[in-house]
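The structure presented is a predicted model; accordingly, all values stated were derived computationally and were not measured.
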Amino acid sequence: MEFSNFIQSLTSEFTPVVGGNYSKEDYEYIDLSQNNRDLLKLEVASSAAFSVLIDEYLRNRSAKAAFGGYNELRTLYNRSELFNQSHSNRNIHIGLDVWVPAFTDIIAPLAGKLHSFQDNSNFGDYGPTIILEHEYEDEIFYTLYGHLSRASLENLETGMIFKKGEKIAELGNLDENGDYAPHLHFQVIKDLQGKRGDYPGVVRKEDLEDYLQNCPDPNLLLKI
Ligand SMILES: [Zn+2]
């Protein structure tokens, strides 16, 4: 079975990755590519202005959480040197972002164990990050949770077991999450390529096909 089909087969219905008892209907898709005209008007270097944009977007649609961003070309990464170090920029986002308030609970959508964690504290990076390892039907794969609160990394131990639906962390605020409006970066990863506590979530166009194979759409699992 293709890895993306396998991931899709692991859940049969909407499966939350954030707390707050949001139903599927409380979510609204948000386009953060260069096609989003509201984004073009915004000074993207300001995470506070970005928070206002997200809040207004949700209020106007009577929604409680925004989500999106898989395989999305984003210009907002131009602000950080982290993504602009070579001839070709990293600007295609390969995780799923869920925009909810800071300190919202983060929930394991599948049973797993703590593989690794790290504070990726560069400007524009993930900030505090957790990676879970999962084994289903003899297949081992990983899920990554980025932009968490710093306190979430306290008292963690590699190998800790988490049940499906159990709280694993809390979402960070913009002082600790790499300087973004609060959101979870959630990514499914087949092969971690030896990495610990970190894995690219934004990639170059030249590398995109390989990354999309290794990191299928997380919404195949969450079914928002
Ligand atoms: Zn993200």
Side-chain angles (χ1 to χ4, degrees), residues 1-11 15 17 29-36 39 44 66-99 106 108-110 112 115-137 139-148 177-178 180 183-224:
M1 197 190 309
E2 248 189 73
F3 184 59
S4 57
N5 293 334
F6 169 69
I7 290 298
Q8 187 167 28
S9 75
L10 295 177
T11 55
T15 302
V17 71
Y29 180 81
I30 189 165
D31 174 2
L32 293 178
S33 74
Q34 53 205 347
N35 301 324
N36 183 333
L39 208 59
V44 292
F67 76 102
Y70 180 69
N71 192 9
E72 187 170 79
L73 177 66
R74 294 177 168 177
T75 53
L76 61 93
Y77 296 114
N78 296 344
R79 68 177 185 149
S80 171
E81 287 180 7
L82 181 67
F83 300 102
N84 302 305
Q85 289 169 338
S86 56
H87 301 296
S88 174
N89 290 347
R90 290 203 286 141
N91 56 11
I92 307 172
H93 183 265
I94 56 167
L96 181 84
D97 287 333
V98 182
W99 304 82
I106 305 303
L110 294 171
H115 173 270
S116 51
F117 55 98
Q118 181 167 292
D119 189 353
N120 298 295
S121 57
N122 282 316
F123 174 70
D125 207 339
Y126 288 134
T129 306
I130 288 176
I131 295 177
L132 297 187
E133 179 179 322
H134 308 279
E135 184 170 2
Y136 280 78
E137 296 162 32
E139 179 104 40
I140 291 176
F141 61 96
Y142 306 87
T143 51
L144 180 148
Y145 309 79
H147 309 304
L148 306 175
N177 74 354
Y180 289 97
H183 71 284
L184 173 70
H185 177 98
F186 176 63
Q187 191 166 329
V188 176
I189 304 163
K190 183 178 185 189
D191 179 0
L192 259 185
Q193 296 161 317
K195 294 195 171 19
R196 300 189 63 79
D198 195 13
Y199 190 84
V202 182
V203 302
R204 305 185 309 166
K205 190 170 149 224
E206 296 92 306
D207 306 325
L208 182 63
E209 275 317 307
D210 287 343
Y211 275 110
L212 293 183
Q213 290 292 318
N214 194 43
C215 303
D217 184 352
N219 207 28
L220 293 171
L221 184 70
L222 301 184
K223 299 181 169 60
I224 300 172

- Task: Before giving the answer on side chain to side chain contact (heavy atoms under 4.5 Å, CB included), spell out for Phe117 and Leu148 the whole-Å C-alpha distance, their side-chain angles and the decisive distance to 0.1 Å.
- Result: CA-CA 11 Å; Phe117 55 98; Leu148 306 175; over 6 Å; no
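- Below 30°, between 30° and 60°, or above 60°: for His185 and Tyr126 the angle between ring planes is between 30° and 60°, a tilted geometry.
- Residue His115 is tested with Phe141, Tyr145, Tyr142 for a ring pair (Phe, Tyr, Trp, His ring centres under 6.0 Å); the sole match is Tyr142.
- Distance CD1/Ile30 to CG/Asp97: 10.0 Å, rounded to 0.5 Å.
- Interatomic distance, Ile189 CD1 to Ile131 CD1, rounded to the nearest 0.5 Å: 5.5 Å.
- The pair Arg204-Asp207 counts as a salt bridge, with a side-chain nitrogen and a carboxylate oxygen less than 4.0 angstrom apart.
- Sorted by first and then second residue, the side chain to side chain donor-acceptor pair (under 3.5 Å) pairs with a member in residues 208-224 read Thr11-Lys223, Tyr199-Asn214; sequence neighbours excluded.
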Steps toward side chain to side chain contact (heavy atoms under 4.5 Å, CB included) verdict (Arg74, Asn91): CA-CA 5 Å; Arg74 294 177 168 177; Asn91 56 11; 5.6 Å; no
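- Atoms OG and NE2, on Ser33 and His93 in that order, are 12.5 Å from each other to the nearest 0.5 Å.
- Between Leu221 and Pro109, the shortest heavy-atom contact is CD2-CG, 4.2 Å.
- Put simply, CD on Glu137 and CG on Leu10 are 6.5 Å apart, with the number rounded to the nearest 0.5 Å.
- Remark: Leu208 engages Asn71, Ile92, Ile94, Val203, Leu212 in a side chain to side chain contact (heavy atoms under 4.5 Å, CB included) (not counting sequence neighbours).
- A donor-acceptor distance shorter than 3.5 angstrom exists from the side chain of His147 to the backbone of Asn177, with no hydrogens or angles considered.
- Closest approach of Pro218 and Tyr70 over heavy atoms only: CD-CD1, 3.7 Å.
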| So Leu96 and Val17, side chain to side chain contact (heavy atoms under 4.5 Å, CB included) or not? Walk me through it. | CA-CA 11 Å; Leu96 181 84; Val17 71; over 6 Å; no
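- Thr129 has its side chain out of reach of Asp198: every pair of non-hydrogen atoms, C-beta onward, lies at least 4.5 Å apart.
- A distance of 8.5 Å separates CZ of Phe3 from SG of Cys215, quoted to the nearest 0.5 Å.
- Shown here for Ser4 and Pro216, the closest heavy-atom pair between the two residues is CB-CB, 3.8 Å.
- For the residue pair Ser121 and Asp119, no side-chain donor N or O sits within less than 3.5 Å of a side-chain acceptor on the partner.
- Applying side chain to side chain contact (heavy atoms under 4.5 Å, CB included) to His134 and the options Thr143, Ile7, Ile140 leaves one that passes, Thr143.
- The OH atom of Tyr180 sits 8.5 Å away from the CH2 atom of Trp99 when rounded to the nearest 0.5 Å.
- The two residues Glu139 and Lys190 come nearest to each other via the heavy atoms OE2-CE, 3.8 Å.
- Side-chain atoms of Gln187 come within 3.5 Å of backbone N or O of Pro200 as a donor-acceptor pair.
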